[in-house]
Amino acid sequence: MSSAARVLDRLYWVVWVILPFAILETAGIRPIDLIRAPASISPGPPLATPLSALEPWGRLAFWGRFAFDNLVFATGMALGHWVVHRAAQGRVFTADILVVVRSMGWLLLLAPVAGIVFDNLINLAFARANADPFAPYWFPDPILAGYGLFLLAIAAALKEAIRLRQEADLTI
Amino acid sequence: MTIRVNLDLMLAQRRMKLTELSERTGISVQNLSVLKTGKARAIRFSTLNALCEALDCQPGDLIEHVDGPQDDD
């Protein structure tokens with residue numbers, strides 16, 4: 001398992017290198033513009049209603065959502081990389097890995113719930129800017145939540161694996 | 001219910017040190033120590049066989065059942 005985990009560990013570093021470019025792409029910013037013409041940057045894809053039309057709290061909610069999503073993603077990646085790095089060292093069935101995997105599961109399960117708050121604030125801000133009726137929605141991202149539940153299930157299996165490993169270690 | 005390993009008793013009776021038992025059985029000193037201190041959760045038949053041969057005793061001489069508080073499993 002260690003050799004496969006070592007390969008994954010190296011691939012994770014490649015993902016970290018790509019991450020800033022992916023974030024810039026999501027924001028609609030070309031990396032070259034950061035160097036050549038930073039003053040001309042207009043973050044975000046063309047919107048029917050520009051961000052400048054929103055009230056300050058609306059703009060705050062929009063960029064808060066952007067920052068929140070990237071924070072959740074980066075945190076999840078950092079935790080995942082830590083697990084892979086430990087696996088590359090051959091230390092898999094330990095209590096701290098269990099804590100990290102469980103934390104990742106809860107992060108992915110609860111992040112969509114927080115996302116609903118941001119999304120409804122953003123929708124409200126755009127509705128007020130466009131003089132449209134506000135239509136709230138209450139369903140969190142089921143895919144992220146599903147991945148969170150999957151990781152919690154993995155954590156439960158890992159807990160049992162750690163117990164069996166401890167039994168095996170103390171079988172003389 | 002407790003299963004007690006009387007390894008230290010047998011070592012004293014055979015006037016043998018742990019390191020010598022380790023060399024005779026091929027079981028590491030650390031593992032023998034785990035057995036001696038009662039921290040082992042299970043023992044393999046192969047280990048029991050090696051210990052009985054080295055100490056010239058029966059399994060019953062090495063392990064005994066003692067009434068007492070329930071083990072946490």
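All values reported here derive from a predicted model rather than from experimental measurement. In the text below, chain A, chain B and the rest are named by the order of the sequence lines, each starting its count at 1.
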Could you state whether Leu60(A) and Leu54(A) fall into the same hydrophobic cluster, counting links through intermediate Ile, Leu, Val, Met, Phe, Trp or Tyr residues with side-chain heavy atoms under 4.5 angstrom apart? no
Applying side-chain contact (heavy atoms from CB on, under 4.5 Å) to Ile172(A) and Arg44(B), what does each step give before you reach the verdict? CA-CA 6 Å; Ile172(A) 310 299; Arg44(B) 297 188 186 92; 5.6 Å; no
With a 4.5 Å cut-off on side-chain heavy-atom distances among I, L, V, M, F, W and Y, is there a chain of contacts connecting Ile116(A) to Ile122(A)? no
So if you build clusters from Ile, Leu, Val, Met, Phe, Trp, Tyr with side-chain heavy-atom gaps below 4.5 Å, do Val100(A) and Trp106(A) land together? no
Just do the side-chain contact (heavy atoms from CB on, under 4.5 Å) check on Val34(B) and Leu170(A) with the steps written out, would you? CA-CA 8 Å; Val34(B) 167; Leu170(A) 290 174; 4.0 Å; yes
Side chain, backbone, both or neither of Ile27(B) within contact of chain A (heavy atoms, under 4.5 Å): side chain
Hey, any chance Leu21(B) and Ile43(B) share a hydrophobic cluster, counting ILVMFWY side chains that come within less than 4.5 Å of each other, even indirectly? yes
